[in-house]
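Nothing here was measured: the structure is a model prediction, and the numbers come from that model.
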Amino acid sequence: MFTSRQQMMAQGQPGMAGGQPGMMGGQPGMMQQQVQWMQKPGSVPGCPPGLEYLTTVDQVLVHQVVQLLEVFVAWECPNRYAIKNSMGQQVYYAFEESDTCMRQCCGAKRGFVLHIVDNANVEVMRVIREFKYCGDWCACINSCRMTVQVEAPPGQLIGSMEEELFCCKPTYCIKNSQGEKVLNIVGPMCMCPQYCDVEFEVFAMNGEKIGAIRKQFAGLIREWYTNADNFGITFPLDLSVDLKATLIGA
């Protein structure tokens, strides 16, 4: 059974109370606190509506919201994220729509739709990952490789990420809306996220490193008892907003 997107939108998001940004409310297990939102830049020609924020940043921080139900009873809940700039100002809020049974049985390999909204609670971006395979790693079979599509506004494809066949280091490619490879993402040979940071490097097609996606170590207790992740994503300031949004969705 899928969580109703309309119901989740109606419940609001952290930092939204009655449609007004500023106070956290309506989130079970979360203390009320102030949320400082990034001021929306002016209109940018050719930029998808709602992505104007990304024209002024070269780094975003993605903080997964800790949900107490996961901590105490190990029940996998739909993920929720606060997306912030380098100054800690919130830029977007994201919430997952997925099947309850799939979350419990397939964990991180489940299919999902991630809805990303701005400070007016308007959905500006959508990330879609179709369910492929619930077993062990199977990227050697093309139909089982993980793919993620990013839409902005929802319904308009702006980019995608695809898992590639690899031997030692996990490798992914970023494609534009025409399906052309424009970036490569390469992970480390050995990943121990429970004990240290894990960095995926972002390369241009000429081999130049232009950014990174770093999974930040949150401390032993949080890593052991929750699935909540924190990520830092860096990219060139002048990178197109479509590619910035696709990297965030990746």
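- A donor and an acceptor atom, one from each side chain of Gln64 and Asn79, are located under 3.5 Å apart.
- By the neighbour-count criterion of 12 heavy atoms within 6.0 Å, atom CD of Gln178 is densely surrounded, having more than that number from other residues, nucleotides or ligands.
- Atom CG of Asp118 sits about 9.0 Å away from atom CD of Glu52, to the nearest 0.5 Å.
- In this structure, CG on Asn119 lies 9.0 Å from CD on Gln90, to the nearest 0.5 angstrom.
- Met205 shares a hydrophobic cluster with no other residue; no ILVMFWY side chain has heavy atoms under 4.5 Å from its own.
- Nearest heavy atom pair, residue Gly50 against residue Val124, reads CA-CG1, 3.7 Å.
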Notebook entry, point to check: For Thr171 and Ile185, what are the C-alpha separation, side-chain angles and deciding distance, and is it a side-chain contact (heavy atoms from CB on, under 4.5 Å)?
Noted result: CA-CA 6 Å; Thr171 306; Ile185 301 175; over 6 Å; no
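- A donor-acceptor distance shorter than 3.5 angstrom exists from the side chain of Arg103 to the backbone of Ser98, with no hydrogens or angles considered.
- Two different hydrophobic clusters hold Leu247 and Phe203 under the rule that ILVMFWY side chains link at heavy-atom gaps under 4.5 Å.
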Show your reasoning for whether side-chain contact (heavy atoms from CB on, under 4.5 Å) applies to Arg126 and His115. CA-CA 5 Å; Arg126 185 176 295 172; His115 304 279; 3.7 Å; yes
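- Residues Ile128 and Glu151 meet the side-chain proximity criterion, which asks for heavy atoms closer than 4.5 Å.
- Applying the side-chain hydrogen bond (donor to acceptor under 3.5 Å, both in side chains) test to Glu180 and every residue at least two apart in sequence or in another chain returns Asn176.
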What's the verdict on side-chain contact (heavy atoms from CB on, under 4.5 Å) for Met146 and Tyr172, showing C-alpha distance, side-chain angles and the deciding distance? CA-CA 9 Å; Met146 183 184 68; Tyr172 307 85; 3.7 Å; yes
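- Hydrophobic clustering (side-chain heavy atoms under 4.5 Å, transitive across Ile, Leu, Val, Met, Phe, Trp, Tyr) keeps Ile213 apart from Leu61.
- Shown here for Gly111 and Met102, the closest heavy-atom pair between the two residues is N-SD, 3.2 Å.
- Nearest heavy-atom pair, Val65 versus Tyr93, reported as atom, atom and distance to 0.1 Å: CG2-CE1, 4.4 Å.
- A distance of 9.5 Å separates CD1 of Ile233 from CD of Gln59, quoted to the nearest 0.5 Å.
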Report the C-alpha separation of Glu97 and Phe95 in whole Å, then their side-chain angles, then the decisive distance to 0.1 Å, and conclude whether the side-chain contact (heavy atoms from CB on, under 4.5 Å) test is met. CA-CA 7 Å; Glu97 178 184 357; Phe95 60 89; 5.7 Å; no
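- With rounding to the nearest 0.5 Å, the separation of CG in Asp58 from CG in Leu237 is 5.5 Å.
- Within 6.0 Å of CD in Glu130 there are 12 or fewer heavy atoms belonging to other residues, nucleotides or ligands.
- Taking Tyr53 as the reference, Tyr92 meet the ring pair (Phe, Tyr, Trp, His ring centres under 6.0 Å) condition, with sequence neighbours excluded.
- With Val127 as reference, Leu114 is the one residue of Thr246, Leu114, Ile248 to meet the side chain to side chain contact (heavy atoms under 4.5 Å, CB included) rule.
- In this structure, CG on Leu239 lies 6.5 Å from CG on Leu183, to the nearest 0.5 angstrom.
- When every heavy atom of Cys173 is checked against every heavy atom of Lys175, the shortest pair comes out as SG-CE, 3.9 Å.
- Taking hydrophobic clusters as Ile, Leu, Val, Met, Phe, Trp and Tyr residues chained together by side-chain heavy-atom distances below 4.5 Å, Val241 shares a cluster with Val148.
- The backbone N or O of Leu54 sits less than 3.5 Å from a side-chain atom of Lys244, completing a donor-acceptor pair.
- No chain of hydrophobic side-chain contacts below 4.5 Å, direct or via other Ile, Leu, Val, Met, Phe, Trp or Tyr residues, connects Ile83 to Val113.
- The distance from the CG atom of Asp99 to the CZ atom of Phe112 is 14.0 Å, given to the nearest 0.5 Å.
- Salt bridge Glu96/Arg110: present, at least one basic N to carboxylate O contact under 4.0 Å.
- Val182 and Leu243 make their closest contact through CG2-CD2, 3.5 Å (heavy atoms, listed as atom of the first residue, atom of the second, distance).
- Ion pair Lys181/Glu164 flagged as a salt bridge, since at least one NZ, NE, NH1 or NH2 atom sits closer than 4.0 Å to an Asp/Glu carboxylate oxygen.
- Between Pro48 and Ala152, the shortest heavy-atom distance links the atoms CB-O, 3.7 Å.
- A donor-acceptor contact shorter than 3.5 Å is absent between the side chain of Gln89 and the backbone of Met38.
- Side-chain contact between Gln149 and Leu157 is present, with heavy atoms from C-beta onward closer than 4.5 Å.
- Under a hydrophobic clustering in which Ile, Leu, Val, Met, Phe, Trp and Tyr are joined whenever their side-chain heavy atoms come within less than 4.5 Å, directly or via other members, Phe200 and Ile210 fall into the same cluster.
- When the shell of 6.0 Å around CZ of Arg214 is examined, it contains 12 or fewer heavy atoms from other residues, nucleotides or ligands.
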